[in-house]
Amino acid sequence: MTDFAAPAVYAVLVWWFTTGVILFLDGLPQYTFRWSMGAATLAGLGAAYALHSTFDDVTPRGAYTAFTGAIIVWGWLEMSFLMGFVTGPRKHACMERCSGWRHFAHASEAIIYNEIATLAVAACIVLASRQAANKVGLWTFLILWAMRLSAKLNLFLGVPNVGEKLLPAHLQYLKGFFRKRSMNFLFPLSVSASTIVVYVLLQRVLAADDPFKAAAYALSTSLLALAVLEHWFMVLPWPNERMWKWALRPGLDARMQEKAASHVPSR
């Protein structure tokens, strides 16, 4: 169990801390965004280099480095979206009666540039690591991508907790594409499928015959389990923003949201 415990704790801490840092930076005044994004870009380039350097490193250190590098690269993509640099051509919510495939098309327009950027980064990692002995970075990025896509679809179809308090003021129009409802058909499917994968990966951890494999599978298992937990936060009566209370700035955020609301077009 010690082979699993250390990577699991590391995955939780990295996930919790990096998410908090992004939320904190995104809560600062918008004039700081260019500096935050510039620093994140430098960190992302360094992480990409570190990720590439681990492709032939089949040691626990290589697994940790690849995992961390992929998390930072993913964080750069998340920041580019949350700070409004790479979102989509649509910058306003739908009219009140918009629904069905038309509404889905509008929601896609609001985020399509970020989805294309994510696809491009994923393709680069896949191509670069196709001969790699250490694929932890690839696994990490694909887990984050798949579960984020699942979360977006569930928010669109409808869940009780849409997490609007984590949405920055300049992206408040995205709330028009969230739906509050008790359940949707996709949620049990996505949670069940990902839980099965968590179980399969956990079996790989327990069957690992060397430290690298134990660390690699444990990091991936822990990250996917955290993503499943995030999905459950969408339906459980417990707001997930409590986990990052230290990173949120309620007073400033409320003032910014009021200002944004007064400028959001109705159509």
Side-chain angles (χ1 to χ4, degrees), residues 1-23 40 43-44 46-79 118 121-122 124-126 128-151 190-233 240 242-244 246-247:
M1 290 302 292
T2 55
D3 290 338
F4 177 77
V9 171
Y10 183 81
V12 170
L13 291 177
V14 169
W15 165 79
W16 175 77
F17 180 72
T18 54
T19 301
V21 169
I22 292 173
L23 291 174
Y49 175 79
L51 180 60
H52 186 272
S53 70
T54 65
F55 287 161
D56 296 319
D57 186 354
V58 287
T59 66
R61 182 180 66 179
Y64 281 98
T65 302
F67 176 84
T68 307
I71 290 287
I72 294 174
V73 171
W74 178 263
W76 177 84
L77 287 166
E78 287 289 283
M79 282 185 63
T118 304
V121 173
C124 289
I125 297 176
V126 169
S129 63
R130 64 187 183 279
Q131 301 295 331
N134 178 353
K135 295 185 182 293
V136 174
L138 174 62
W139 299 345
T140 301
F141 193 89
L142 293 182
I143 287 171
L144 290 167
W145 187 19
M147 296 304 286
R148 178 60 70 191
L149 181 60
S150 173
S190 55
V191 168
S192 298
S194 52
T195 301
I196 291 172
V197 177
V198 169
Y199 176 78
V200 172
L201 289 175
L202 184 57
Q203 298 306 305
R204 297 288 185 91
V205 176
L206 298 176
D209 54 4
D210 68 69
F212 168 73
K213 290 181 179 179
Y217 285 122
L219 288 166
S220 300
T221 304
S222 302
L223 182 63
L224 183 54
L226 288 168
V228 173
L229 178 62
E230 281 193 292
H231 273 59
W232 278 111
F233 283 147
N240 61 353
R242 290 182 182 177
M243 293 190 298
W244 294 285
W246 59 273

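Keep in mind that the numbers below use all heavy atoms, side chains included, and drop hydrogens, waters and symmetry copies.
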Student: OH of Y199 to CG of L224: how many Å apart, nearest 0.5 Å?
Tutor: 15.0 Å
Student: Where is the tightest heavy-atom contact between A70 and G137, given as atom of each residue plus distance?
Tutor: CB-O, 3.4 Å
Student: Hey, what's the ring geometry for F17 with W246, parallel, tilted or perpendicular (30° and 60° as the breaks)?
Tutor: parallel
Student: Determine the minimum heavy-atom distance between S222 and A11, stating which atoms define it.
Tutor: CB-CB, 3.7 Å
Student: Could you state the interatomic distance from CZ (R242) to CZ (F233), rounded to the nearest 0.5 Å?
Tutor: 10.5 Å
Student: Which pair of heavy atoms, one from G20 and one from A247, lies closest together, and at what distance?
Tutor: O-CB, 3.0 Å
Student: Working note: L77 + W145, criterion side chain to side chain contact (heavy atoms under 4.5 Å, CB included); need CA distance, chi angles, decisive distance, verdict.
Tutor: CA-CA 11 Å; L77 287 166; W145 187 19; over 6 Å; no
Student: Taking only residues two or more places apart in sequence or in another chain, which ones pass side chain to side chain contact (heavy atoms under 4.5 Å, CB included) with S129?
Tutor: F55, I125, A132, L138
Student: Between the side chain of N134 and the main-chain N/O of G62, is any donor-acceptor distance below 3.5 Å?
Tutor: yes
Student: Quick one: list whatever passes side-chain hydrogen bond (donor to acceptor under 3.5 Å, both in side chains) with W76, sequence neighbours left out.
Tutor: T41
Student: Can you tell me how far the CE atom of M147 sits from the CG atom of L229, to the nearest 0.5 Å?
Tutor: 10.0 Å
Student: Measure across V228 and S194 and return the closest heavy-atom pair with its distance rounded to 0.1 Å.
Tutor: CG2-OG, 3.3 Å
Student: So, for Y10 and Y64, which heavy atoms are closest and what is the spacing to 0.1 Å?
Tutor: CD2-CD2, 3.5 Å
Student: Could you please spell out the steps behind the side chain to side chain contact (heavy atoms under 4.5 Å, CB included) verdict for V12 and L226?
Tutor: CA-CA 7 Å; V12 170; L226 288 168; 4.0 Å; yes
Student: Can you measure from CG (L51) to OG1 (T140) and round to the nearest 0.5 angstrom?
Tutor: 8.5 Å
Student: Got a second to check how far L201's CG is from L206's CG, nearest 0.5 Å?
Tutor: 11.0 Å
Student: Suppose we screen for side-chain hydrogen bond (donor to acceptor under 3.5 Å, both in side chains). Which residues come up paired with R204, at least two apart in sequence or across chains?
Tutor: Y217
Student: Minimum heavy-atom separation for A151 and H231, please, with both atom names.
Tutor: N-NE2, 3.7 Å
Student: Can you tell if the side chain of I71 reaches within under 4.5 Å of the side chain of L144, non-hydrogen atoms only?
Tutor: yes
Student: At what distance, to the nearest 0.5 angstrom, does CH2 of W74 lie from CG of L142?
Tutor: 9.5 Å
Student: Do the side chains of L202 and F4 get nearer than 4.5 Å, heavy atoms only?
Tutor: yes
